[in-house]
S.K.: 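Dumping the structure here so I can ask a few things about it.
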Amino acid sequence: MRLDIDIAIKETYESGQTLSFISKIINNNLVYSEDKLLLYINAESIDNPVHSIYVKAYPKHDASYVKQLLRSKDNLNKIYESIDTDSIMHKAIMSYKGLRLTKSDPVITTIVFIISQFNNINRIRGIIDKLYSYGKVVKLNSKSYRLFPDLYTLEKISIERLREIGLGYRAPYLYNAVRYMLYNLDMYSLEHKSYEYIKDALMDIYGIGDKVSDCIALFGYGKTEAFPIDTWIKRAIERLYFNNERLKISKIKEFAYSRWGRYAGYAQQYLYHLSRMTKLSI
DNA sequence: ACCCAGGCGGGCG
DNA sequence: CGCCCGCATGGG
């Protein structure tokens, strides 16, 4: 199925969202798989913003799901207009035009960002890879791929095994979260709740705090007002907007919400990508 | 060797 | 509340 959308696949893939962790670039195509579906996304060039992509899906072609995943309703030009408040954000927008926020499965997003805490992107990818080995094998175009394991499969993995996989001290966080999502909280019941409601519900989970819940709200529930603050974003705001002054998280939040409002999440994503790509030597 | 990574829970004042 | 500390692990 062909889908009209302005998107820079590579930037979107590399910018540290859920999609970054549960998909792979294979032969210049993006392969993304959740627990019940697999997408094979082909763009003419993953290096440049394109205007359309071609998608094959397992088990069936479902354009609406792909549109939701890639947030095709977002009018990037309008969003740029509203967050282009200064020369720094302007540079980020110009550099990474076509970078989109993505909206992934909230359960998988929760798992990914519990693993992400106080960790680095390469290690997170490695751990997610190992989790994939528990997933079902499916075929698409006569090639085999793994789906992400569902909660019932993850429930069978012991804490010791999670430690071996590399979760370290986060093993009990994930172990408990899997059970919490199975028996205490239907994550899909939060889909159309407010940002604040979602944050409160997520922060009741052992191992999920302010930052991880913001990532889940943003990348798993599509709440674009969320502004996750990790070490990169903290340094970036301090260095680029406050002349290297040390700031409290609460102060940075205030700054971000008042400056970028309901698209703070987009501003965050561009700033995060800019910070990592330039290592802040701008 | 040392420092850092998409932070969190717990304990203390 | 806010602040401070320890935490597993691997790569630069």
Side-chain angles (χ1 to χ4, degrees), chain A residues 11-23 92 96 99-104 106 108-131 157-180 199-240 246-254 256 264-281:
Chain A
E11 309 297 352
T12 302
Y13 168 73
E14 286 181 345
S15 64
Q17 313 185 46
T18 310
L19 174 133
S20 311
F21 296 108
I22 68 168
S23 54
Y96 309 119
L99 164 58
R100 281 181 180 274
L101 282 176
T102 58
K103 191 242 170 277
S104 292
I108 296 174
T109 300
T110 299
I111 292 164
V112 166
F113 282 95
I114 283 174
I115 294 167
S116 80
Q117 64 159 76
F118 197 37
N119 212 337
N120 64 56
I121 288 195
N122 281 336
R123 253 176 62 75
I124 299 163
R125 286 216 172 98
I127 294 168
I128 301 293
D129 267 356
K130 285 172 186 157
L131 287 182
I157 308 178
S158 66
I159 289 197
E160 293 70 27
R161 181 60 192 145
L162 290 175
R163 283 212 167 83
E164 284 172 29
I165 285 174
L167 273 93
Y169 72 93
R170 310 167 196 83
Y173 295 165
L174 184 56
Y175 186 89
N176 287 317
V178 165
R179 281 147 188 81
Y180 195 89
K199 286 264 310 179
D200 285 347
L202 292 174
M203 295 228 288
D204 285 341
I205 303 176
Y206 178 67
I208 296 183
D210 188 41
K211 190 271 175 180
V212 167
S213 61
D214 267 333
C215 285
I216 301 167
L218 184 59
F219 305 128
Y221 290 102
K223 299 298 173 183
T224 59
E225 63 266 54
F227 191 88
I229 301 168
D230 72 325
T231 54
W232 285 98
I233 287 291
K234 183 170 187 298
R235 269 202 307 270
I237 297 281
E238 287 170 348
R239 190 170 303 182
L240 303 176
R246 298 272 293 170
L247 300 172
K248 291 179 192 169
I249 301 288
S250 57
K251 181 80 182 174
I252 297 176
K253 268 191 189 181
E254 243 173 71
Y266 256 100
Q268 179 275 155
Q269 202 60 23
Y270 276 78
L271 191 58
Y272 178 75
H273 197 54
L274 178 77
S275 309
R276 292 192 57 244
M277 293 298 107
T278 62
K279 298 195 171 80
L280 279 178
S281 52

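Per chain, numbering begins at 1; letters A, B, ... match sequence-line order.
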S.K.: Tell me if the side-chain of A/Y169 makes a donor-acceptor pair with the base of B/dG7, cut-off 3.5 Å, by modelled atom types.
M.R.: yes
S.K.: Heavy atoms only, 4.0 Å cut-off, all strands: where does A/G16 land among base, sugar-phosphate and nothing?
M.R.: base
S.K.: Whole angstrom is fine here: how far is it from CD1 in A/I114 over to C1' in C/dC7?
M.R.: 16 Å
S.K.: What is the distance, to the nearest angstrom, from the CZ atom on A/R123 to the P atom on B/dC4?
M.R.: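 That distance rounds to 17 Å.
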S.K.: Does the side chain of A/Y169 pick up a donor-acceptor pair with the side chain of A/Q117 at under 3.5 Å?
M.R.: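 Their side chains do contain a donor-acceptor pair, which is all the 3.5 Å distance test asks for.
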S.K.: May I ask you to check whether A/T109 and A/S104 show a side-chain donor-acceptor distance below 3.5 Å?
M.R.: no
S.K.: So which one's nearest nucleotide on DNA chain B is more toward 5', A/S15 or A/G207?
M.R.: A/S15
S.K.: Mind checking if A/Q269 touches a base, just sugar-phosphate, or nothing, with heavy atoms under 4.0 Å?
M.R.: base
S.K.: Is NZ or CZ of A/R125 both nearer than 6.0 Å to the six-membered ring centre of A/Y13 and within 45° of the ring axis?
M.R.: yes
S.K.: Describe the nucleic acid contact of A/S250 in one word from base, sugar-phosphate, nothing, applying a heavy-atom distance below 4.0 Å.
M.R.: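 No contact at all - A/S250 keeps every heavy atom at 4.0 Å or more from the nucleic acid.
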S.K.: Would a distance-only check, ignoring hydrogens and angles, find a side-chain to backbone donor-acceptor pair under 3.5 Å from A/K103 to A/F219?
M.R.: no
S.K.: Out of curiosity, A/I121 CD1 to A/R276 CZ, how far, rounded to the nearest 0.5 Å?
M.R.: 3.5 Å
S.K.: Side chain of A/Y206, heavy atoms from C-beta onward: which of C/dC3, B/dG6, B/dG10 has the nearest atom to it?
M.R.: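 When the side chain of A/Y206 is considered, B/dG10 is the closest of C/dC3, B/dG6, B/dG10.
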S.K.: Does A/D210 reach a base, just sugar-phosphate, or nothing at all? Heavy atoms under 4.0 Å.
M.R.: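 Counting heavy atoms under 4.0 Å across all strands, the contact made by A/D210 is with sugar-phosphate only.
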S.K.: Of the nucleotides C/dA8, B/dG6, B/dC8, which one has an atom closest to the side chain of A/F118?
M.R.: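 Nucleotide nearest to A/F118's side chain: C/dA8.
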S.K.: Applying a 4.0 Å non-hydrogen cut-off, can you work out what A/Y272 is touching in the nucleic acid: base, sugar-phosphate, or nothing?
M.R.: base
S.K.: Less than 4.0 angstrom from a charged side-chain N to a carboxylate O is my criterion; do A/R235 and A/E238 meet it?
M.R.: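 Salt bridge between A/R235 and A/E238, a charged N being under 4.0 Å from a carboxylate O: no.
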S.K.: Side chains of A/I237 and A/L271, heavy atoms from C-beta outward: is any pair under 4.5 Å?
M.R.: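 When only atoms from C-beta onward are counted, A/L271 and A/I237 do touch, with a gap below 4.5 Å.
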S.K.: Can you sort out which residues in residues 219-235 of chain A have a heavy atom within less than 4.0 Å of DNA chain B? Ascending by number, please.
M.R.: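 Nucleic-acid contacts, sorted: A/F219, A/P228, A/D230, A/T231, A/W232, A/I233, A/R235.
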S.K.: Rounding to a whole Å, what distance do you find between A/K279:NZ and B/dG6:P?
M.R.: 12 Å
S.K.: Just how far, in rounded Å, is P of B/dA5 from CZ of A/F21?
M.R.: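 Distance, rounded to whole Å: 14 Å.
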S.K.: Is there a donor-acceptor contact under 3.5 Å from the side chain of A/Q269 to the main chain of A/S15?
M.R.: yes
S.K.: I'd like to know if the side chain of A/R163 reaches the main chain of A/I159, judged simply by a donor and an acceptor atom lying under 3.5 Å from each other, with no hydrogens or angles considered.
M.R.: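 Here the side-chain-to-backbone pair does not exist.
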S.K.: Determine the Euclidean distance between corresponding P atoms of B/dG6 and C/dC5; express it in Å to zero decimal places.
M.R.: 23 Å
S.K.: Would you call the rings of A/H273 and A/Y96 parallel, tilted or perpendicular, taking 30° and 60° as the class edges?
M.R.: perpendicular
S.K.: Between A/N122 and A/Q117, which is nearer to the 5' end of DNA chain C once each is assigned its nearest nucleotide?
M.R.: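 Its nearest nucleotide lies further toward 5', so the answer is A/Q117.
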S.K.: Over how many whole Å does the gap from A/I252 atom CD1 to B/dG7 atom P extend?
M.R.: 13 Å
S.K.: Using atom C1' of each nucleotide, how far apart are C/dG10 and B/dG9 to the nearest Å?
M.R.: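 Comparing C1' positions in C/dG10 and B/dG9 gives a spacing of 23 Å.
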S.K.: Test for a donor-acceptor pair under 3.5 Å between the base of B/dG6 and the side chain of A/Q268, counting only N and O atoms.
M.R.: yes
S.K.: How close or far is atom P of B/dG6 from atom OH of A/Y270, stated in whole angstroms?
M.R.: 20 Å
S.K.: Between A/K223 and A/D214, is the closest basic N to carboxylate O distance under 4.0 Å?
M.R.: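 Looking at A/K223 together with A/D214, the answer is no, because their closest N to O distance does not fall below 4.0 Å.
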S.K.: Would you mind reading off the distance between A/L271 atom CG and B/dG6 atom P, rounded to a whole angstrom?
M.R.: 15 Å
S.K.: For DNA chain B, write out the stems as range with range, using runs of 3 or more consecutive Watson-Crick or G-U pairs with both distances under 3.5 Å.
M.R.: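 Stem list for DNA chain B: B:2-5 with C:9-12, B:7-13 with C:1-7.
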S.K.: Starting at CZ of A/R246 and ending at C1' of C/dC3, how long is that distance when rounded to a whole Å?
M.R.: 13 Å
